[in-house]
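Quick caveat, the model's predicted, so the values are computed rather than measured.
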Amino acid sequence: MKSSDDMTPEEARRDHWDMLRFLAVNAGFGALLGLGVAGALVWLDIGGVGGALLRSHQPVLTGLMMFLPLALLFAATVTASAVMLMPYRKKKQR
């Protein structure tokens, strides 16, 4: 006897691709949000960050050291919160 939780291999494959797409969209949104926050820090010169970036000998490297960690941090945070808020029970009840 087959329970209602069992999926065919094709359904499982489709479900895995849907899950990966869900995670990628959330990670991309979080990365864009992090880049926006870093851009706002530079543009608004909060704490003198924009001025220090412009006076730097290596502005590209300095910018990467600020923009990349913020993008990764926000991507991970948005993805983790999306996973925690996923409606597992609702999907199984369909």
Side-chain angles (χ1 to χ4, degrees):
M1 184 162 93
K2 199 173 186 183
S3 73
S4 63
D5 289 339
D6 292 337
M7 291 196 283
T8 65
E10 183 59 36
E11 289 172 334
R13 190 174 300 111
R14 192 175 330 109
D15 188 52
H16 290 148
W17 280 111
D18 289 343
M19 181 69 63
L20 286 173
R21 189 176 310 109
F22 173 78
L23 293 174
V25 166
N26 280 287
F29 175 72
L32 287 175
L33 190 63
L35 291 174
V37 167
L41 286 172
V42 171
W43 184 54
L44 297 173
D45 198 22
I46 295 176
V49 171
L53 185 65
L54 290 175
R55 289 188 308 271
S56 172
H57 293 292
Q58 302 261 337
V60 174
L61 181 61
T62 307
L64 279 175
M65 288 175 64
M66 185 176 73
F67 279 76
L68 192 60
L70 275 172
L72 292 174
L73 175 71
F74 276 74
T77 304
V78 169
T79 303
S81 65
V83 168
M84 286 187 282
L85 296 173
M86 282 182 65
Y88 286 111
R89 289 191 181 119
K90 289 180 185 176
K91 187 169 186 173
K92 287 189 174 190
Q93 290 173 354
R94 282 192 268 164

Note to self: How long is the straight-line distance from OG1 of T79 back to CE of M84, given to the nearest 0.5 Å?
What the structure shows: 10.5 Å
Notebook entry, point to check: Which residues pass the salt bridge (charged side-chain N to carboxylate O under 4.0 Å, His left out) test with E10, sequence neighbours left out?
Noted result: R13
Checklist line | Partners meeting side chain to side chain contact (heavy atoms under 4.5 Å, CB included) with A82 (sequence neighbours left out) | finding: F22, N26
Check: Members other than L72 in its cluster, when Ile, Leu, Val, Met, Phe, Trp, Tyr link by side-chain heavy atoms under 4.5 Å?
Finding: L68
Next item on the list: Kindly state each residue pair satisfying salt bridge (charged side-chain N to carboxylate O under 4.0 Å, His left out) with at least one member in residues 19-36, sequence neighbours excluded.
Entry: D18-R21
Next item on the list: Check A27 against A75 and note the closest heavy-atom contact, atom names and distance.
Entry: O-CB, 3.4 Å
Check: Residues in side-chain hydrogen bond (donor to acceptor under 3.5 Å, both in side chains) with S81, at least two apart?
Finding: none
Check: Residues two or more places apart in sequence or in another chain: which of them pass side-chain hydrogen bond (donor to acceptor under 3.5 Å, both in side chains) with T62?
Finding: S56
Check: Can you name the residues that form a side chain to side chain contact (heavy atoms under 4.5 Å, CB included) with L54, not counting sequence neighbours?
Finding: none
Checklist line | Residues clustering with V25 (ILVMFWY side chains joined when closer than 4.5 Å, directly or via others) | finding: none
Checklist line | same_hphob_cluster(F74, L44) at 4.5 Å side-chain heavy-atom cutoff | finding: yes
Next item on the list: May I ask you to list the residues sharing a hydrophobic cluster with L61, side-chain cutoff 4.5 Å, ordered by chain and number?
Entry: M65
Check: With R55, which residues qualify under salt bridge (charged side-chain N to carboxylate O under 4.0 Å, His left out), at least two apart?
Finding: none
Residues 28-43 side chain polar contacts: donor-acceptor under 3.5 Å, at least two apart:
none

